[in-house]
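Accompanying notes for the structure given below.
Just so it is clear: chains get the letters A, B, ... in the order the sequence lines come, proteins before strands, and each one is counted from 1. Quick note: numbers below take in every heavy atom, side chains included, and nothing from hydrogens, waters or symmetry partners.
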Protein chains: 2
Amino acid sequence: MAGRQGPGGGAGDRPGAKRAGLDFPRPLTTVDIVIFTIRLEALHVLLVRRGHGEGEPFPDAFALPGGFVDVARDADLAACARRKLAEKTGVVSPYLEQLGSWGSATRDPRGWSATHAYFALIPASAADAALAADAQWFPLQDDNVKPKLAFDHAEILQAAVQRLRNKVEYTSLPAYLMPEEFTLPELQRTYEVVLDRLLEKSAFRTRMLSADLIEPIAKMRKGPNRPAQLYRLKKKAAPVYFARTFNAPE
Amino acid sequence: MAGRQGPGGGAGDRPGAKRAGLDFPRPLTTVDIVIFTIRLEALHVLLVRRGHGEGEPFPDAFALPGGFVDVARDADLAACARRKLAEKTGVVSPYLEQLGSWGSATRDPRGWSATHAYFALIPASAADAALAADAQWFPLQDDNVKPKLAFDHAEILQAAVQRLRNKVEYTSLPAYLMPEEFTLPELQRTYEVVLDRLLEKSAFRTRMLSADLIEPIAKMRKGPNRPAQLYRLKKKAAPVYFARTFNAPE
DNA sequence: CTAAGTAAGTTGGACAGTACAACTAAGTGT
DNA sequence: ACACTTAGTTGTACTGTCCAACTTACTTAG
């Protein structure tokens with residue numbers, strides 16, 4: 001509650017204690033971001049290669065983008081996350097949600113550290129536009145061909161995937177992975193990629209159209225087959241809770 | 001990602017940078033807990049009165065239980081939360097879930113600070129057993145008669161209530177507010193108190209019994225009226241997702 | 001020019017679970 | 001004996017998914 005006297009107080013850590021000092025050891029504070037996009041019909045995550053300077057733990061390993069909070073530049077945690085996301089991808093207004101925090105004495109060899117993890121969704125069109133030199137997209141297949149991650153970032157990544165999948169079951173989150181205009185089958189394929197399973201066509205349509213979160217625009221997408229109606233996200237695309245979970249057709 | 005050189009690095013914050021020092025300002029790091037219970041058919045939250053020592057912000061105000069992370073005593077954030085919860089309530093193994101983190105330059109007048117917030121559910125029977133002297137239960141009525149809270153704790157509390165209500169819609173969380181043995185109507189009343197609205201009786205029963213998370217025991221509860229079947233939580237009472245949201249009968 | 005192929009989108013019946021109201025069951029107090 | 005209360009059940013209506021079969025529009029092969 002940010003109001004006690006500090007750990008040194010111990011059992012005497014009570015109102016009216018005399019010590020008001022703040023001269024006790026503080027954990028390292030960082031912010032990490034799990035950035036997802038969809039490329040080539042697969043969910044991808046952005047990782048950065050670490051440096052190998054003196055004192056750098058996990059030299060040359062891959063890690064989630066992030067770093068120390070800069071008390072001079074970052075007004076708050078979300079601003080810090082947005083800054084780091086912009087530095088790596090150039091994206092300035094993605095879907096950004098707090099994922100949780102991980103803190104322990106052992107997760108960073110340099111000392112007690114706590115990280116505030118965020119996760120972001122960006123459309124494929126923005127995924128490569130302004131990528132930093134040390135950043136790279138990795139697919140999240142079932143057989144993980146991802147590199148070993150520094151710190152506890154594998155755990156954080158796994159939590160992010162799980163959060164994403166859970167929310168996709170009953171919200172409109174995948175719409176943030178879509179371009180401006182998209183067809184319903186394209187949206188369905190995005191849901192399927194994120195959930196990693198097939199969905200039933202007519203139930204998906206009924207659901208999406210009755211959920212009042214996308215709206216048709218006066219255009220069709222021409223293709224090799226029958227043209228498809230184009231849709232876009234409604235302005236206030238708040239997460240929508242669906243009545244049931246999806247099931248696969250086969 | 002806890003691996004960069006520190007805020008001082010700035011634009012030169014790249015792999016291979018030479019500075020490996022950690023001598024930059026670190027935010028204050030705290031853990032706060034929102035502890036809920038049900039007393040007298042109402043949802044209650046535990047608050048503690050702050051001290052008024054020198055340098056203490058928000059003297060004598062109420063705040064969520066919590067305080068600075070003690071890097072010497074706390075192995076990780078959850079352990080820190082459990083310790084603070086035990087100090088205030090004596091409860092050692094409640095339902096404990098991470099709520100999120102709040103960090104900014106301004107939330108604590110002593111400097112840039114970040115708090116890791118948890119929320120806990122404890123049964124009424126444990127709520128008063130070993131309460132700390134400076135702690136007190138407050139009801140969460142519609143017309144909030146709660147005191148003004150220190151820091152941004154009002155915001156954290158509101159987020160906790162919202163999280164609780166959201167999860168209650170589709171999980172078995174309220175079971176953690178119940179004693180060992182309870183009847184179905186008692187469980188329904190707990191759901192109603194948490195959700196702050198009435199539920200439909202037969203749908204509630206169908207749902208709970210088909211969800212495979214409670215089991216009947218070979219006992220009945222005698223009362224002024226017809227006796228009621230007693231149930232208890234099944235061991236692995238993982239959150240259960242329900243097919244639909246509840247509706248009120250009138 | 002026609003036929004086969006493909007993907008978009010619709011339709012209709014089976015089914016599951018909630019909404020709601022009316023009912024039965026078992027205890028209490030007068 | 002009677003009214004009253006709460007536990008628990010039953011039955012009909014309705015909503016939305018599941019699933020398969022269908023129509024529509026366009027492409028390509030022959």
Does the side chain of Arg205(B) get closer than 4.0 angstrom to OP1 or OP2 of dT9(D) through an N or O atom?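 Yes, Arg205(B) has a side-chain N/O under 4.0 Å of OP1/OP2 on dT9(D).
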Closest nucleotide among dT17(D), dG9(C), dG8(D) to the Gln229(B) side chain: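 Closest nucleotide among those given: dG8(D).
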For the side chain of Ser202(B), counting heavy atoms from C-beta on, which of dT18(C), dC20(C), dG8(D) is nearest?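 So the side chain of Ser202(B) is nearest to dC20(C).
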Between Pro227(A) and Thr183(B), name the one whose nearest nucleotide on DNA chain D is closer to the 5' end.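 Nearest nucleotide further toward 5': that of Thr183(B).
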What is the distance, rounded to the nearest whole Å, between atom [atom1] of [X] and atom [atom2] of [N]?
| X | N | atom1 | atom2 | answer |
| --- | --- | --- | --- | --- |
| Glu200(B) | dA21(C) | CD | C1' | 9 Å |
| Phe182(B) | dA7(D) | CZ | C1' | 16 Å |
| Leu198(B) | dA21(C) | CG | P | 13 Å |
| Leu199(B) | dG17(C) | CG | P | 18 Å |
| Lys222(B) | dT5(D) | NZ | P | 22 Å |
| Phe204(B) | dA21(C) | CZ | P | 20 Å |
| Gln188(B) | dT6(D) | CD | P | 13 Å |
| Leu184(A) | dT24(D) | CG | P | 20 Å |

Is the backbone N or O of Ala63(B) less than 3.5 Å from a side-chain atom of Arg50(B), with the two atoms forming a donor-acceptor pair by type?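 Flag not set: sc Arg50(B) to bb Ala63(B) has no pair under 3.5 Å.
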Taking the six-membered ring for Trp, are Phe182(A) and Tyr231(A) closer than 6.0 Å centroid to centroid?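 Not close enough - the centres of the two rings lie 6.0 Å or further apart.
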Below 4.0 angstrom, N of the basic side chain to O of the carboxylate: do Glu186(B) and Arg221(B) qualify?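 Result for this pair is yes, salt bridge flagged.
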Salt-bridge criterion met for Arg39(B) and Asp128(B) (N-O under 4.0 Å):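 Yes, Arg39(B) and Asp128(B) are salt-bridged.
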Salt bridge (charged side-chain N to carboxylate O under 4.0 Å, His left out) assessment of Lys88(B) paired with Asp134(B): CA-CA 8 Å; Lys88(B) 293 302 176 191; Asp134(B) 59 340; 3.0 Å; yes
Who passes salt bridge (charged side-chain N to carboxylate O under 4.0 Å, His left out) against Arg205(A), sequence neighbours left out?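 Here no residue qualifies.
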Provide a list of protein-nucleic acid N or O atom pairs under 3.5 angstrom, restricted to nucleotides 4-7 of chain C.
{"from": "dT6(C)", "atom 1": "O2", "to": "Asn225(A)", "atom 2": "OD1", "distance (Å)": "3.1"}
{"from": "dA7(C)", "atom 1": "O4'", "to": "Asn225(A)", "atom 2": "ND2", "distance (Å)": "2.7"}

Base dG8(D) paired with Lys201(B) side chain (donor-acceptor, <3.5 Å):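 Indeed there is one.
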Nearest heavy-atom neighbours spanning Arg163(A) and Gln98(A):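 Of all heavy-atom pairs spanning Arg163(A) and Gln98(A), the closest is NH1-O, 3.2 Å.
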